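One structure is given below, encoded as C-alpha cells.
As the structure is a prediction and not an experimental result, all values here were calculated from the model. No hydrogens, no waters, no symmetry mates; every other heavy atom, side chains included, goes into these values. Order of listing sets the numbers, starting from 1, for every ligand and every atom in it.
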Amino acid sequence: MRVFYSEDHRLRDARTELHGGELVPPFEAPFRAEWILAAVEDAGFSDVVAPERHGMETALKLHSADYLEFLETAWARWVADGYRGEAIPACFPARRMRQHPPKDIDGALGYYAFAAETAITEGTYAAARAAMDCAISAADHVARGHSAAFALCRPPGHHAAIDLFGGYSFINNAACAAQRLRDLGAAKVAVLDVDFHHGNGTQDIFYERGDVFFASLHGDPVDAFPHFLGFADEEGAGEGLGATKNYPLPRGTTFETWSAAMDDALRRIAAFGAEALVLSLGVDTFERDPISFFKLKSEDYLRMGDRLNKTGLPVVVCMEGGYGVPEIGLNVANVLRGIAG
Ligand code: SP5
Ligand code: ZN
C-alpha cells in the first residue's frame, strides 16, 4: 500500500491550544506524523512518496471560496493588526446574533470558526494544503486501480465544514479524497469516519448530496467534542436524505460494541452502492488516548482493518486524530495491515 506523506506537515506547529482555561502545547503536533510514519515503515509499508501538488479546484467544490481565502490570508491579516500571540477566535456569531462576514480579522476568525481551541499560525495554511495534496494524491492512486492508499494527512480535516475551521481541522482532506474519487469516475462513494470525534465537517459538506454516503462512529456528543452535532437523528436532507448515519457511543465503549456499529455502517454502505470507500482514520478511540473515552486496544485495529478488507471496496485512508501516546503509530499500522490482508 502506497503511503502519501509530506514533510510540510511540520509547518503546522502551533505553540498554543486553549484547553481547560490554559494555553497548553497542542495535542495535535508534528511528533504525531513522525511516530505514525516510523511505525508504518516498521510494519513494512516502505512505499512512501510525497504527494503531487494540486490546485484548489477539488476543495472549491466542498468549501466556500470566501472561507478558503480567509484560511490563506488569516495569519498575515492577524500579524498586520499587530497581535503577537497565535490567532485564536474570541467572539462568535452565536444564537441571537447575525451571520455575516466582518471586515476585521477578529470578527472573521469568529465567523469562520466553530471552536476556539485551534489557533491559526504562520505555516498552518501551507501545511493544510500539503495534507489536502496527500488525500487527493491517494485518491488518484486508488482511481488508477490500486486497492488501497494511505494519506498521512496532518493537520487532520474531518471537523472542517463548508466554511468553518476548528477541532484541529482547516481543509477537509477526506472530503477532498471522496470528491476526487467521484470526479475520476466512481458514481457513488462512502466516507466511513472512525475517529473518536464526530466528523461534523464531512457531514456538513455532504449533508444534502445523494452521491456520497457519510457514516460516523464517535463519542456521544452529549459528552464529547464537537458537542453540537453527531446525533442519531441527523440523517441527511434533500437528495442526501438517508445518506448520513451517526453512531453516538457511550463512555467506555469497547471493540465489541464499536465493531457491531461498524458492521451496521458497512451494511448500509454496501446497500447504498458505494464503489469506493474513504476511511477517516482517527486512532483516538484507543484506551489510553489523552482526550477521549473509548477503550479500543491495539489488536482491535488489526480486526478493524481486516473487516474493511472484507468489504472488497477500494479504500483511501486519510489520517485524522489520535494523540499523546506512542501506540498511535502501531494502531495506524495495524489498520493498514488489516486492510492490506
Ligand atoms: C481531529 C480530532 O481528533 N480533533 C479533535 C479536536 C478536539 N479538541 C477539543 C478537545 C477537548 C478535549 N476535552 C477533553 C476532556 C477530557 N476531560
Ligand atoms: Zn478525533
Side-chain angles (χ1 to χ4, degrees), residues 9 12 14 16-33 35-36 86 88-89 113-120 124 127-128 131-132 134-135 151-161 164-177 191-205 216-230 246-253 258 278-296 301 304 317-325 327-328 331-332 335:
H9 79 82
R12 171 68 187 160
T16 59
E17 170 172 344
L18 181 56
H19 178 82
E22 297 181 285
L23 292 176
V24 304
F27 292 95
E28 204 295 288
F31 73 85
R32 298 180 55 248
W35 287 1
I36 292 166
E86 297 184 328
I88 297 176
F114 75 90
E117 95 280 56
T118 302
I120 289 181
T124 293
M132 176 196 81
C134 288
L152 211 177
C153 303
R154 188 184 163 268
H158 76 144
H159 295 299
L164 293 169
F165 76 95
Y168 320 148
S169 302
F170 307 93
I171 298 172
N172 196 310
N173 308 308
C176 286
V191 180
L192 176 63
D193 190 322
V194 300
D195 186 279
F196 169 81
H197 303 96
H198 176 243
N200 62 290
T202 316
Q203 172 171 307
D204 177 54
I205 286 167
S216 181
L217 286 64
H218 48 265
D220 193 324
V222 296
D223 273 328
F225 185 93
H227 307 293
F228 307 109
L229 215 57
N246 283 316
Y247 300 87
L249 299 165
R251 283 181 191 281
T253 290
W258 191 94
V278 174
L279 182 71
S280 262
L281 175 60
V283 292
D284 39 10
T285 48
F286 184 54
E287 57 185 347
R288 285 191 291 284
D289 188 272
I291 60 171
S292 306
F293 57 63
F294 287 174
K295 294 289 168 217
L296 270 59
Y301 294 94
M304 187 189 299
V317 180
C318 294
M319 195 67 227
E320 303 285 1
Y323 306 100
V325 291
E327 287 90 338
I328 60 176
N331 296 344
V332 171
V335 175

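The side chain to side chain donor-acceptor pair (under 3.5 Å) search around Thr124 returns Arg12, Thr121, not counting sequence neighbours. For Glu17, there are no salt bridge (Lys or Arg N to Asp or Glu O under 4.0 Å) partners, not counting sequence neighbours.
Expressed to the nearest 0.5 Å, how far CG of Asn331 lies from CG of Leu281 amounts to 9.5 Å.
With 2.8 Å as the limit, Glu320 does not count as an N, O or S neighbour of the Zn ion (ligand 2). Metal site remark for the Zn ion (ligand 2): His197 contributes an N, O or S atom at a distance under 2.8 Å.
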Tabulating one pair per line, provide the atom names and distances (0.1 Å) for every N/O atom of ligand 1 that is less than 3.5 Å from a protein N/O atom.
| residue | atom | partner | partner atom | Å |
| --- | --- | --- | --- | --- |
| ligand 1 | 3 (O) | His197 | ND1 | 3.1 |
| ligand 1 | 3 (O) | Asp284 | OD2 | 3.1 |
| ligand 1 | 3 (O) | Tyr323 | OH | 2.6 |
| ligand 1 | 4 (N) | His159 | NE2 | 3.2 |
| ligand 1 | 4 (N) | Gly167 | O | 3.0 |
| ligand 1 | 4 (N) | Tyr323 | OH | 3.4 |
| ligand 1 | 8 (N) | Glu117 | OE2 | 2.8 |
| ligand 1 | 8 (N) | Tyr168 | OH | 3.3 |

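A donor-acceptor contact closer than 3.5 angstrom links the side chains of Tyr301 and Thr285.
The shortest heavy-atom contact between Ala174 and Cys318 is CA-SG, 3.8 Å. In this structure, Pro89 and Ala116 approach most closely via the heavy-atom pair O-CB, 3.8 Å.
Note on Asp284: its N/O/S atom closest to the Zn ion (ligand 2) is OD2. Asp195 contributes OD1 as its N, O or S atom closest to the Zn ion (ligand 2).
For residues 220-230, no pair satisfies side-chain hydrogen bond (donor to acceptor under 3.5 Å, both in side chains), with sequence neighbours left out.
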